[in-house]
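Following: one structure in structure tokens, then a few remarks.
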Amino acid sequence: MEERAGRALDFHVTMAAAVAEVLGILSVRTGLRTVALAGGVFQNALLLEELLPRIGGYHVLLPHRVPPNDGGIAYGQAAVALARMVHSQHA
């Protein structure tokens, strides 16, 4: 069991390092320093715990009021539909 736990930890550490590296590359190319960590993958506490210290220079946005997975997608779809309805009524 310890070997599995070690491999799982290594995987999470490697993924966090890879995400941080990609963010660094994108930041150099775009100049952006804000990142939204949303989606079901960021419900993984270990991944988030490993990633956050690696991206300390970024303004990090985390979901608080809307779920980071499918519920958040549905919320966003409803918000877009409402905005389109309001826009079409005023056009």
Side-chain angles (χ1 to χ4, degrees):
M1 193 67 147
E2 286 183 27
E3 184 180 339
R4 275 190 195 165
R7 281 188 272 157
L9 179 60
D10 288 346
F11 171 80
H12 285 81
V13 169
T14 300
M15 288 305 297
V19 170
E21 184 175 340
V22 168
L23 287 175
I25 292 167
L26 291 173
S27 180
V28 168
R29 290 183 182 173
T30 65
L32 297 176
R33 300 297 295 173
T34 298
V35 60
L37 301 180
V41 70
F42 290 109
Q43 287 181 302
N44 182 318
L46 180 55
L47 179 60
L48 201 54
E49 180 181 303
E50 289 294 327
L51 178 60
L52 288 176
R54 289 174 164 76
I55 58 172
Y58 290 84
H59 176 71
V60 177
L61 303 173
L62 296 170
H64 293 286
R65 295 184 180 154
V66 176
N69 51 17
D70 290 349
I73 293 171
Y75 181 88
Q77 290 170 333
V80 168
L82 177 61
R84 287 182 178 172
M85 287 173 40
V86 168
H87 178 73
S88 69
Q89 290 174 355
H90 289 36

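Values in this document were obtained by computation on a predicted structure and should not be read as measured data.
Of all heavy-atom pairs spanning Gly57 and Arg33, the tightest one is O-NH2, 3.2 Å. Closest approach of Leu9 and Glu50 over heavy atoms only: CD1-OE2, 4.4 Å.
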Requested in this report: May I have the step-by-step check of side chain to side chain contact (heavy atoms under 4.5 Å, CB included) for Glu49 and Asn44, ending in yes or no?
Outcome: CA-CA 9 Å; Glu49 180 181 303; Asn44 182 318; over 6 Å; no
Query raised in the report: Is there a side chain to side chain contact (heavy atoms under 4.5 Å, CB included) between Leu62 and Leu48 once you walk through the steps?
Result: CA-CA 10 Å; Leu62 296 170; Leu48 201 54; 4.1 Å; yes
Requested in this report: Give the C-alpha distance, both sets of side-chain angles, the deciding distance and a yes or no for side chain to side chain contact (heavy atoms under 4.5 Å, CB included) between Ile55 and Leu37.
Outcome: CA-CA 11 Å; Ile55 58 172; Leu37 301 180; 4.1 Å; yes
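Side-chain contact check for Val35 versus Leu61: every heavy-atom pair is 4.5 Å or farther apart. In this structure, Arg84 and His87 have side chains that are not in contact, with every pair of non-hydrogen atoms separated by 4.5 Å or more.
A donor-acceptor pair under 3.5 Å is formed between the side chain of Ser27 and the backbone N or O of Leu32. Using modelled atom types, one side-chain atom of Tyr58 and one backbone atom of Leu23 make a donor-acceptor pair closer than 3.5 Å. In this structure, Thr14 contributes its side chain and Asp10 its backbone to a donor-acceptor pair below 3.5 Å.
By the criterion of side-chain heavy atoms lying less than 4.5 angstrom apart, applied directly or through intervening Ile, Leu, Val, Met, Phe, Trp or Tyr residues, Val60 is grouped together with Phe42 in one hydrophobic cluster. One hydrophobic cluster, built from ILVMFWY side chains closer than 4.5 Å, cannot hold both Ile73 and Val66; they sit in different ones. Residue Leu47 is grouped with residue Val19 when hydrophobic side chains (ILVMFWY) are merged at heavy-atom distances under 4.5 angstrom, including chains of intermediate members. Side-chain heavy atoms closer than 4.5 Å link hydrophobic residues (I, L, V, M, F, W, Y) into clusters, and following such links, possibly through other members, connects Phe11 to Leu51.
Within a 6.0 Å radius of CD in Glu21, other residues, nucleotides and ligands contribute 12 heavy atoms or fewer.
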